Amino acid sequence: MLVVAKLSADHGALMDPAASVWQPIKSTALALEATPTGTQPTPYTRTSWKDRKIGAVPGVGVQAAHDGESIFVRLEWVDANENRSVEDNNVFPDGAAIVFPVKETAPIDTMGSETEPVNAWQWQANSERGRSVVAHGVGSTEPSTEAVDVAAVRSGDHWQVIISRKLAGADGSVSLNPGGASRFGVAVWEGGNGERAGFKGYTAKWTDIRLADA
Ligand code: HEM
């Protein structure tokens with residue numbers, strides 16, 4: 001169970017991965033596994049990754065806070081190989097995303113299902129803007145309209161990233177409530193390993209979360 005702390009710090013501090021406001025917040029270590037090749041949507045991608053290691057980043061530290069209006073998730077992981085752009089078609093920008101079930105029973109290992117959508121919020125090292133997508137199973141991601149705020153810094157060989165969104169979501173995306181509970185997962189793309197889209201390290205099980213309300 002990860003508790004999303006309630007903080008009254010200003011929005012700017014919570015959006016700063018290096019701000020002291022994050023220091024007292026407990027960090028939870030989550031292990032990342034390779035996404036399964038068998039469920040990748042195209043035969044080409046299934047074959048081209050058959051003998052390659054997927055999920056170069058083995059784990060991520062997660063901290064989370066909310067201020068009654070927005071949630072802020074701080075991710076930190078080791079990636080000595082900093083990739084901010086697409087190069088030669090085999091290097092992609094580093095990235096990370098968090099995902100929530102929109103319908104409680106949604107499976108994580110297929111990014112939801114036809115009747116059980118998930119909502120993921122993504123950071124990519126080549127963009128200042130975050131992205132929100134809704135998926136109804138592998139190969140079905142569609143952009144969703146809410147703004148996702150992101151910020152990232154390098155600290156030595158670490159990425160420190162904040163992904164934030166308003167607690168209240170639009171139709172079709174997840175809504176969170178102070179005092180309420182949900183579950184979430186994390187994915188990390190190591191762009192230097194050619195990881196993008198379905199190829200990434202991911203938490204194979206949901207982690208329960210609870211939002212503090214005071
Ligand atoms: C914690 C779990 C996961 C998260 C947070 C996550 C997040 C995302 C996000 C944000 C995208 C859209 C952005 C992009 O294409 O770069 C995406 C795309 C994709 N994901 Fe996932 N994902 C997760 C698990 C999985 C798993 C287990 C698979 C299984 C193979 C998978 C397969 C795909 C595929 C194929 C795409 C490409 C877009 C599409 O075809 O719809 N994902 N994922």
Side-chain angles (χ1 to χ4, degrees), residues 2 28-50 52-62 64 71 73 75 77 83-86 89 91-103 105-114 116-127 129-150 152 159 161 163-165 169 172-174 182-209:
L2 185 145
T28 301
L30 297 179
L32 302 173
E33 294 180 22
T35 45
T37 34
T39 44
Q40 296 293 340
T42 67
Y44 169 75
T45 50
R46 286 198 293 271
T47 316
S48 59
W49 280 80
K50 210 162 65 73
R52 286 174 65 183
K53 159 98 180 120
I54 304 172
V57 174
V60 59
V62 186
I71 180 170
V73 178
L75 305 174
W77 67 97
N83 307 105
R84 289 183 182 267
S85 54
V86 179
N89 222 23
V91 171
F92 293 85
D94 294 329
I98 51 180
V99 63
F100 299 89
V102 176
K103 183 154 180 184
T105 50
I108 196 167
D109 20 336
T110 49
M111 290 189 75
S113 74
E114 210 166 305
E116 301 159 307
V118 295
N119 179 206
W121 310 338
Q122 185 183 27
W123 163 79
Q124 289 178 299
N126 62 342
S127 174
R129 295 179 59 197
R131 246 179 115 199
S132 174
V133 301
V134 170
H136 291 81
V138 168
S140 71
T141 55
E142 282 182 7
S144 119
T145 51
E146 314 83 2
V148 170
D149 292 328
V150 291
W159 276 116
V161 171
I163 300 179
S164 170
R165 202 206 71 180
S173 73
V174 68
S182 184
R183 321 203 273 171
F184 88 116
V186 183
V188 175
W189 288 262
E190 209 298 58
N193 186 40
E195 295 178 15
R196 76 273 191 193
F199 299 96
K200 54 207 167 195
Y202 83 114
T203 50
K205 291 202 168 62
W206 293 108
T207 297
D208 289 324
I209 62 168

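When a ligand or atom number is given, it counts from 1 through the structure's own listing order. Just so it is clear, the model here is predicted, and its values are computed rather than measured.
- A donor-acceptor contact closer than 3.5 angstrom links the side chains of Gln122 and Arg131.
- Within 4.0 Å of ligand 1, contacts by protein heavy atoms are made from Thr35, Pro36, Thr39, Gln40, Pro41, Ala97, Val99, Ile108, Asp109, Met111, Ala120, Gln122, Arg131, Val133, Val138, Gly139, Ser140, Thr141, Gly185, Val186, Ala187, Trp189, Ala197, Gly198, Lys200, Tyr202, Thr203.
- Residues forming a side-chain hydrogen bond (donor to acceptor under 3.5 Å, both in side chains) with Ser144 (at least two apart in sequence, or on another chain): Ser132, Glu146.
- Remark: Arg84 pairs with Glu82 by the salt bridge (charged side-chain N to carboxylate O under 4.0 Å, His left out) rule, at least two apart or across chains.
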One pair to check against side chain to side chain donor-acceptor pair (under 3.5 Å): Thr42 and Thr45. What are the steps and the verdict? CA-CA 5 Å; Thr42 67; Thr45 50; 2.8 Å; yes
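- Remark: the backbone N or O of Val86 is not paired with any side-chain donor or acceptor of Asn126 at under 3.5 angstrom.
- Contacts of Ser85 classified as side-chain contact (heavy atoms from CB on, under 4.5 Å), with partners at least two apart in sequence or in another chain: Glu87.
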